[in-house]
Amino acid sequence: MSAPSFGRTCYAGDVSAQHLDQTVTLFGWVQRRRDHGGVIFIDLRDREGIVQVVCDPDRESVFATAERIRNEFCLRMTGRVRGRPEGTINPNLGSGEVEILCHELEILNPSVTPPFQLDDDNLSETTRLTHRVLDLRRPPMQRNLILRYRVAMEVRRYLDAQGFLDIETPMLTKSTPEGARDYLVPSRVHAGQFFALPQSPQLFKQLLMVAGFDRYYQITKCFRDEDLRADRQPEFTQIDCETSFLTEQQIRDLFEDMIRHVFEQAIAVSLPKPFPVMTYSEAIRRFGSDKPDLRVKLELTDLTDALGDVEFKVFADAAHLKGGRVAALRVPGGAKISRSEIDQYGQFVAIYGAAGLAWIKVNEVAKGRAGLQSPIVKNLHDAAIAAVLERTGAQDGDIVFFGADRAKVVADSLGALRQKIGHSEFGRQNGLLDAAPWKPLWVVDFPMFEHDEEGQRWVAVHHPFTAPKDGHEDLMETDPGACIAKAYDMVLNGWEIGGGSVRIHREEVQSKVFRALNLQAEEARAKFGFLLDALQYGAPPHGGIAFGLDRIVTMMAGADSIRDVIAFPKTQRAQCLLTQAPSLVDEKQLRELHIRVRASDRP
């Protein structure tokens, strides 16, 4: 990467054999200083990498300065590039064939002793986030953020070539229900009233379509006040896109091509063309997840109809439960899994609501019942056993795990178990994880609605502005559970990296959705009146998609958490350890905002 010309010849990490015998001027930080028998070596680091600088005692002023240098001092140096002596080439460095004989050396700013060595790979996340500025100097973090920049640039290049316009939407907006809690901002001018930080630009990008900006995008911050985990942050970055006059298939083709372009240009990876497509119902049935990792070579098998009359009450009750399911997960070679490991898997699926984990080890298929090992076999009749073996395709040496409960509990628990086993050491050693590094997938035909946790009312699976499949409009009033949406998610290696839908562009259809959600006309008008009004002014057919930039870069970088690709992230408790946010504010600020904090709420 070329460097600006303000006195700097190039970046330290870019010095190579092509610069031999040239005089270069570099700026950077001291990774390490080494004194070898009177010759001082400095590993000079900048965002592009490290180069070795040699300070010879023959240059007295340079050597005297070098003797004062310590780790993380900020330097300017000028010197001549020369080849390293034979036997000292470092193949792990881009600059490893050369070194720089220092002619001039200036300390721009000294550093106190850092709280940790920047090349320490065993730092705790708390230490890294507390001292984030120093953490960001570390080469892995610099590589991650440079990669993030390149991904964003490739997105912009692609969308610009396709005629998309980058248009900003408000950060202070109206609180509207979009599936998570809003971050609220009190208004000083309007006492007792609040702005909300946007969970997404969803409504504004629809309004831009009505306004005639038929191809919009924005790489923007979004905010959701929800419980956090490795792939979530209270503020995250979304590649938000919307377009008019395209069909669902055309939208998917357009953005599938964008992701292929970004992967090719940013990390030189060629993704397959086209991506495979799977319906939501098939994904849940086969993999127990609407974002299946297709690298894992395990699938669920449905047995609900075959186990309804067995003596094993867990199976029989689930088979007759409305919305119940009995399913199996066959693990080839799994008979060698120990009982203690099976018990651990039982504890694992309990996280997802499963009451237990039944299992059968298949020692010899040819022996039928006698060739099986399990505490539940005695409660299964011969026809049930035959169905289990035939449908799962079980072979000698396999194990079959079972889930029996409400369909969602079975899907969640066995789907998670499938992932866990596939990515375990056992799974890798036994070929249960495909060697292909990237497995993309479109999941389509999501249900429009699902019941809330209490089962009392319908809620939108995605958001209430998603259009139903053609011919499903009336189902929203007669049978909401059967209504399918024009919704689609892009999945990669078990992560949902993007999701979108064709939107509702007619006011009467939008009103039907609100009625299905038990949103009364007055409440709908109060919350979404501006959208309903806009849809009456010749709103075009439109749809779009939003990609999680943080997630995409995390996967490309091979990082464990999206916190490793965000410059200044929050912890899992939604705190910034660097700035100590959130924090208390003084009473004057609270009075101006017409807010009083109860003494019991103060830390």
Side-chain angles (χ1 to χ4, degrees), residues 1 3 7-16 24-82 84-85 88-146 559 563-564 567-568 577-579:
M1 183 179 293
R8 175 161 50 186
T9 308
C10 61
Y11 284 109
D14 290 337
V15 177
S16 67
V24 296
T25 297
L26 307 177
F27 295 83
W29 290 264
V30 176
Q31 175 81 2
R32 185 178 288 104
R33 171 190 173 277
R34 292 165 283 137
D35 190 336
H36 288 181
V39 177
I40 295 176
F41 293 87
I42 297 170
D43 291 338
L44 189 69
R45 183 193 70 243
D46 60 22
R47 75 183 202 192
E48 297 300 323
I50 295 173
V51 69
Q52 179 171 280
V53 177
V54 181
C55 300
D56 194 285
D58 291 345
R59 296 180 182 269
E60 293 183 6
S61 63
V62 168
F63 196 79
T65 302
E67 287 186 309
R68 295 161 38 213
I69 286 171
R70 297 294 181 266
N71 288 1
E72 299 311 312
F73 276 36
C74 185
L75 307 181
R76 180 190 69 82
M77 65 77 54
T78 298
R80 183 175 62 84
V81 180
R82 67 186 189 185
R84 289 201 187 193
T88 65
I89 290 175
N90 185 347
N92 298 318
L93 285 181
S95 63
E97 294 182 78
V98 298
E99 61 187 15
I100 301 172
L101 179 62
C102 189
H103 294 172
E104 299 176 18
L105 185 62
E106 179 184 358
I107 298 173
L108 298 176
N109 209 342
S111 171
V112 298
T113 302
F116 53 82
Q117 289 287 340
L118 269 66
D119 56 359
D120 185 349
D121 295 328
N122 297 309
L123 299 171
S124 71
E125 188 173 61
T126 297
T127 297
R128 291 175 54 207
L129 294 182
T130 301
H131 303 281
R132 189 60 163 186
V133 174
L134 291 177
D135 184 42
L136 290 175
R137 286 188 187 176
R138 296 168 59 242
M141 291 303 301
Q142 301 226 321
R143 287 194 298 269
N144 287 355
L145 292 189
I146 291 171
R563 291 188 289 277
D564 285 338
F568 301 104
L577 299 183
L578 176 68
T579 64

Can you name the side chain to side chain donor-acceptor pair (under 3.5 Å) partners of [X], sequence neighbours left out?
X: E72; value: R45, R137
X: R128; value: D135, D564
X: R32; value: D119
X: S61; value: none

If you look at every heavy atom in [X] and [Y], which pair is closest and at what distance?
X: C102; Y: M77; result: SG-CE, 4.0 Å
X: L44; Y: G28; result: CD1-C, 3.7 Å
X: P115; Y: L134; result: CD-CD1, 3.3 Å
X: F568; Y: R132; result: CD2-CG, 3.9 Å
X: L105; Y: C55; result: CD2-SG, 4.2 Å
X: T9; Y: V24; result: OG1-CA, 3.4 Å

What distance separates [X] [atom1] from [Y] [atom2], expressed to the nearest 0.5 Å?
X: L577; Y: T130; atom1: CG; atom2: OG1; value: 4.5 Å
X: F27; Y: D46; atom1: CZ; atom2: CG; value: 11.0 Å
X: D14; Y: R47; atom1: CG; atom2: CZ; value: 9.0 Å
X: N144; Y: R563; atom1: CG; atom2: CZ; value: 13.5 Å
X: I107; Y: L75; atom1: CD1; atom2: CG; value: 6.5 Å
X: N71; Y: Q31; atom1: CG; atom2: CD; value: 7.5 Å

Set of residues satisfying salt bridge (charged side-chain N to carboxylate O under 4.0 Å, His left out) with respect to E104, sequence neighbours excluded: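 Counting only residues at least two positions away or on another chain, E104 forms a salt bridge (charged side-chain N to carboxylate O under 4.0 Å, His left out) with R76.
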So, does [X] use its side chain to make a donor-acceptor pair with the main chain of [Y] at under 3.5 Å?
X: R84; Y: V98; result: yes
X: N109; Y: C74; result: no
X: S95; Y: G13; result: no
X: T65; Y: E106; result: no

All ring-ring contact (aromatic ring centres under 6.0 Å, His included) counterparts of F116, not counting sequence neighbours: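 Residues passing ring-ring contact (aromatic ring centres under 6.0 Å, His included) with F116: none at all.
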Qualifying ring pair (Phe, Tyr, Trp, His ring centres under 6.0 Å) pairs, either residue in residues 40-60, two or more places apart: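 Ring pair (Phe, Tyr, Trp, His ring centres under 6.0 Å) check on residues 40-60 returns H36-F41.
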Got a sec, which residues hit side chain to side chain contact (heavy atoms under 4.5 Å, CB included) with [X], two or more places apart in sequence or on another chain?
X: S124; answer: T126, T127
X: L145; answer: L136, R148, A567
X: F63; answer: I40, P57, E67
X: R80; answer: D21, R82, L101, H103

Considering residues, nucleotides and ligands other than E125, do more than 12 of their heavy atoms fall under 6.0 Å from its CD?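 Buried by this count: over 12 neighbours within 6.0 Å.
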Please examine the side chains of E48 and I146, heavy atoms only from C-beta on, and report whether any two atoms are closer than 4.5 Å.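 With C-beta onward as the side chain, the pair touches.
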Electrostatic pair R33:D43 at N-O distance under 4.0 angstrom: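 Salt bridge: no.
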List the steps, then state whether side-chain contact (heavy atoms from CB on, under 4.5 Å) holds for V15 with C10. CA-CA 7 Å; V15 177; C10 61; 3.7 Å; yes
For side-chain contact (heavy atoms from CB on, under 4.5 Å), just list the numbers for Q52 and R34, CA-CA rounded to whole Å, side-chain angles, deciding distance to a tenth of an Å, and then say yes or no. CA-CA 10 Å; Q52 179 171 280; R34 292 165 283 137; 3.3 Å; yes
Report the C-alpha distance between L26 and V51 in whole Å, list the side-chain angles of each, state the deciding distance to 0.1 Å, and finish with yes or no for side-chain contact (heavy atoms from CB on, under 4.5 Å). CA-CA 10 Å; L26 307 177; V51 69; 3.8 Å; yes
